[in-house]
Amino acid sequence: MSISIEFPDGSKKPFDDGVNVLDVAKSISTSLGKKAIAGKFNGELVDLDRPLKQDGKLAILTNQDADALVVLNDTAAFILAAVLKQTYPKMHFGEGHSTADGFFYDTDNADGQVTVNDLSTLKEKMMKLVKANGEIKRVLVSKETLLKEFAGDPYKESLINAEAGVEVPAFQLGDFIDFGYRALLKKAGEAKVFDLLSVAGAYWQGKSSNPMLQRIYGTAFYKQADLDADLKRRSEIKERDHRTLGRELDLFFVDPKVGAGLPYWMPNGATIRRTIERYIIDREVAAGYEHVYTPVLANLDLYKQSGHWDHYRDDMFPPMDMGDGEMLELRPMNCPSHIQIYQHHLRSYRELPIRIAELGMMHRYEKSGALSGLQRVREMTLNDGHTFVRPDQIQDEFKNILKLMMSVYDDFDITDYTFRLSYRDPQNTEKYFDDDEMWNKSQAMLKGAMDDLGLDYYEAEGEAAFYGPKLDVQTKTALGNDETLSTIQLDFMMPEKFHLVYTGEDGEEHRPVMIHRGVISTMERFIAYLTEIYKGAFPTWLAPTQVDIIPVNLDLHVKYAETIQKQLLAEGIRVKIDKRNEKMGYKIREAQTQKIPYTIVVGDQEVEDATVSVRPYSAEKAEREDLNVFLDAVVAEVHNYSRTGKKNKAEAKLDK
RNA sequence: GCCGCUUUAGCUCAGCAGGUAGAGCAUCACCAUGGUAAGGUGGGGGUCGCCGGUUCAAAUCCGGCAAGCGGCUCCA
């Protein structure tokens, strides 16, 4: 019997049934046989020993392929486990494998958990094992044998029992055996470039009701230079972290003595925030939204009616008992407030869509372990809006919102994001509003709208709100954690619960649909995000101080500096004169470390011919410019929401 | 909330075989009046996160709590 293997270049070759991947690689060329790390057979990662028993497409992976890194990191995880087993014979093991940027292994040790202090010893032992360069063999073993191998280990036992079939494909190095990998390197010595990074708790199988294991994180590469670069990248994350920059640039602080998760905005941060708030209100008003103000406190009944109390009680501040039977609640969400606005008048079908928006302050009692700088706080101001539409207006309104969102991203130079369609979890429907037809219909509606617009997205089950599916715009923080930047949520439930109606053309009452949407998230989270993507160098229109004027000589040039300041202030530019009794170099250094967009120096030459010496942030040197030219350029830049004077392009893109 | 680690001056950090604290930057004063990334000298500033225990004596050892950090869970 022979099988036909197709290669990436489209060519096909016959092989004996049961030929292994390595032999196929060798048959192509000796060098490929040497370089081969694993294969990809019909899209599935396979190790070199794997016998091929059917026709299919095969790609031989070398260390140039991205998937080869998966094999390497899986191998590193395997070697770590081998060392752990040898070091702590009583240790129990959870899962362990490669991740997007490294590998991990979950452990549970009765005689004291592994801590960061143990990592260097473990690393040394791994190095030793790697140097011994033993062969890693693929073996098929019975579940029985594996169960004996991991006797007394409840986690491994459950993993073994979860395997399909009687025999489990496993890998063996010396007398250590482990399973759950698709492909590993053939020689332990090939996994010599790695590092152990950290230890963190992780629930067994990701369930918080399960015991917590210790997860050991590491990363591995084929070349030392790649590892060095990666370690450097990890250490540079701190320079981009909004908490570090927030302190350095004096944007905000959180002081546990006056309240964990309750940020204080310093003048610099407040300036950025105010600028963004004015911007987004203007954009939304221009897009047909009516901005309102509603109270941060409401009768608890409001949240009982909306369902928030039922679903999120644990994450809400406890109600205030006013003593006369009234219970007041710090609002955790604005939607019920905007529903009150809608209900305050009788609504006609002619008015819809009605778009209500607010920079609404909310309070949520986030768990202490979840708090993080401005990214997770207990008091936040949400760029919130609710549009009330007729069912036939849903798709159009969805597109309107999306258009606004992308246009706003353009003004902030936000380019790194993905769309996620968030559906309910079909395995766990009791968490959600109970109406199968509604879910199926609205999920299909969202998908249809995205397909219509030709936008790429991925689908995620279990990420919906309890009242409806949503489109989330996902991005990443400096640390690489996922974060929702914007969201559009379809809601058929709240209108039901609050008996919302409008009078139709037929004179009858009809139920509107609510669309919840947030364009720039909360002010807190958005500014944290911007701080990270700009690395603290805010574009001119957002920068707390836009121009810093440094007079060469305090006696001779301050007057001219003040004339310039007056002119800039008249144009609404945020400008400061550095009148401190310090040397120029000192002031320039500080202006640069504070990432002020423009530092201008004025001395005799500038006074004489009405110029300024301009040094933009991060520029190596200054250039002299006519004062009026500089002024016009800065003003234009601020109006274009940028530092480069470019115009918004997203609107044109979607405006078809 | 859970696991691990951490908490000393405004910031970054040192001190920790137990004897009530140091550096650099910042701040203040004085000198220097300087043309594009830190000029010099001097001064002030901390009940060492909080509470309790061991001890003649605790920043240092032990326990509890809180907060921060890295994750996990959660995130309307």
Side-chain angles (χ1 to χ4, degrees), chain A residues 104 106-108 112-118 197-217 238 241 243-244 247-248 250 253-257 259-261 303 306-312 314-316 331-336 362 364-373 375-377 380 382 384 463-468 470 479 481-484 487 489 491 494 516 518 522 525 550-557 581-593 599-606 613-615 618-624:
Chain A
F104 71 84
D106 285 350
T107 66
D108 184 14
Q113 302 288 15
V114 171
T115 74
V116 262
N117 304 322
D118 302 318
L197 301 170
S198 59
V199 174
Y203 294 109
W204 163 237
Q205 293 189 324
K207 284 206 187 96
S208 57
S209 52
N210 282 345
M212 181 152 279
L213 309 180
Q214 292 308 110
R215 178 168 291 181
I216 301 171
Y217 283 98
K238 208 168 177 196
D241 192 311
R243 291 164 298 190
T244 309
R247 196 180 323 103
E248 285 170 3
D250 208 17
F253 69 88
V254 184
D255 183 351
K257 284 202 258 331
Y303 304 107
S306 68
H308 287 104
W309 180 247
D310 260 5
H311 275 85
Y312 298 108
D314 289 349
D315 295 317
M316 287 167 66
R331 79 161 160 211
M333 235 312 153
N334 309 309
C335 12
M362 334 183 284
R364 296 179 183 176
Y365 193 76
E366 300 284 0
K367 302 270 177 281
S368 62
L371 298 177
S372 176
Q375 272 152 0
R376 278 295 276 281
V377 291
M380 68 216 90
L382 186 64
D384 209 1
E463 295 290 347
F466 72 87
Y467 47 73
K470 47 185 185 155
L479 285 171
N481 298 320
D482 270 347
E483 187 170 76
T484 300
T487 184
Q489 311 173 353
D491 180 6
M494 295 280 171
H516 308 235
T522 66
R525 195 173 275 192
I550 299 174
V552 173
N553 180 295
L554 286 183
D555 292 326
L556 305 174
H557 309 126
N581 200 5
E582 291 290 350
K583 296 188 88 165
M584 264 186 63
Y586 180 89
K587 295 182 184 179
I588 293 205
R589 179 173 195 276
E590 190 164 288
Q592 293 292 315
T593 53
T599 305
I600 66 181
V601 171
V602 291
D604 284 341
Q605 297 161 34
E606 287 78 12
S613 172
V614 183
R615 177 168 168 155
S618 85
E620 287 297 317
K621 54 181 186 174
E623 273 183 40
R624 286 191 49 207

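No hydrogens, no waters, no symmetry mates; every other heavy atom, side chains included, goes into these values. Chain naming here is simple, since letters A, B, ... match the order of the sequence lines and numbering starts at 1 in each. Please read all numbers here as calculations on a predicted model, not as lab measurements.
- B/U20 sits 33 Å from B/G40 when the P atoms are compared, rounded to a whole Å.
- Between A/R376 atom CZ and B/G1 atom C1' the separation is 12 Å, expressed in whole Å.
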Would you sketch RNA chain B in dot-bracket for me? Only Watson-Crick or G-U wobble pairs with both distances under 3.5 Å count, crossing pairs as [ ], other-strand pairs as |, the rest as dots. (((((((..((((.....[..)))).(((((.......))))).....(((((..]....))))))))))))....

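- A/G307 comes within contact range of no nucleotide atom at all, as no heavy-atom separation falls under 4.0 Å.
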Stepwise side-chain contact (heavy atoms from CB on, under 4.5 Å) check, A/H516 with A/T487: CA-CA 8 Å; A/H516 308 235; A/T487 184; over 6 Å; no

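- The backbone N or O of A/S618 lies less than 3.5 Å from a partner atom in the side chain of A/Q592, making a donor-acceptor pair.
- Listed by first and then second residue, the salt bridge (charged side-chain N to carboxylate O under 4.0 Å, His left out) pairs that reach into residues 208-217 of chain A are A/D106-A/R215, sequence neighbours excluded.
- Between A/N117 atom CG and B/C3 atom C1' there is a gap of 15 Å when expressed in whole angstrom units.
- Note on A/K587: every side-chain N or O is 4.0 Å or more away from OP1 and OP2 of B/G34.
- Residues passing the side-chain contact (heavy atoms from CB on, under 4.5 Å) test with A/M212, sequence neighbours excluded: A/Y203.
- B/A76 and B/G24: their P atoms are spaced 50 Å apart (whole Å).
- Here the separation of B/A17 from B/U6, taken at their P atoms, is 16 Å to the nearest Å.
- Rounded to whole Å, atom P of B/C74 lies 12 Å from atom CG of A/N210.
- Remark: the separation of the C1' atoms in B/G70 and B/C51 is 27 Å, to the nearest Å.
- Across all non-hydrogen atoms, the minimal contact from A/E366 to A/V377 is CG-O, 3.4 Å.
- Nucleic acid contact class of A/H308 (heavy atoms, under 4.0 Å, all strands): base.
- Scored by the ring-ring contact (aromatic ring centres under 6.0 Å, His included) test, A/H311 finds A/F466 as partners (sequence neighbours excluded).
- Here the shortest heavy-atom pairing between A/N553 and A/D555 reads OD1-N, 2.7 Å.
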Close N/O contacts between protein and nucleotides 6-15 of chain B (under 3.5 Å):
| unit_1 | atom_1 | unit_2 | atom_2 | d |
| --- | --- | --- | --- | --- |
| B/U12 | OP1 | A/R247 | NH1 | 3.1 |

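- Nucleotides B/G52 and B/A57 place their P atoms 15 Å apart, quoted to the nearest Å.
- Taking atom P in both B/C61 and B/C75, the straight-line distance is 40 Å, to the nearest Å.
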Would you mind building the protein contact string for nucleotides 65-71 of chain B? One character per nucleotide, 5' to 3', B for base within reach (heavy atoms under 4.0 Å), S for sugar-phosphate only, - for untouched. --S-SBB

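- Residues that satisfy the side-chain contact (heavy atoms from CB on, under 4.5 Å) test with A/S306, not counting sequence neighbours, are A/Y303, A/H308, A/P336, A/M494, A/F498.
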Which letters describe nucleotides 35-51 of chain B, given B = protein heavy atom under 4.0 Å from base, S = only from sugar-phosphate, - = neither? BBBBB------------

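- A side-chain donor-acceptor contact under 3.5 Å links A/T244 to the backbone of A/K238.
- In this structure a side-chain-to-backbone donor-acceptor pair under 3.5 Å is present from A/E606 to A/G603.
- Scored by the ring-ring contact (aromatic ring centres under 6.0 Å, His included) test, A/Y217 finds no partners at all (sequence neighbours excluded).
- Between the CG atom of A/N553 and the P atom of B/U33 there is a distance of 10 Å, given to the nearest Å.
- Two residues, A/L213 and A/M333, neighbour RNA chain B, and the one matched to the more 5' nucleotide by heavy-atom proximity is A/L213.
- With sequence neighbours excluded, no residue satisfies ring-ring contact (aromatic ring centres under 6.0 Å, His included) with A/W309.
- Protein atom OH of A/Y467 is 12 Å distant from nucleotide atom P of B/C75, rounded to whole Å.
- Taking the side-chain contact (heavy atoms from CB on, under 4.5 Å) definition, one finds that A/Q113 meets it with A/D108, A/N109, A/Q214, sequence neighbours left out.
- The CG-P distance, from A/D315 to B/C75, rounds to 8 Å in whole Å.
- Among residues two or more places apart in sequence or in another chain, the ring-ring contact (aromatic ring centres under 6.0 Å, His included) test is passed with A/F253 by A/Y264.
- When atom types are taken as modelled, the side chain of A/R525 and the backbone of A/Q375 share a donor-acceptor pair closer than 3.5 angstrom.
- Straight-line distance from the CD atom of A/Q375 to the C1' atom of B/C74: 16 Å, rounded to whole Å.
- In this structure, CG of A/D314 is placed 13 Å from C1' of B/C75, rounded to the nearest angstrom.
- Taking atom C1' in both B/C5 and B/G49, one finds a spacing of 16 Å when rounded to whole Å.
- For the P atoms, the distance from B/U55 to B/G10 is 34 Å, rounded to whole Å.
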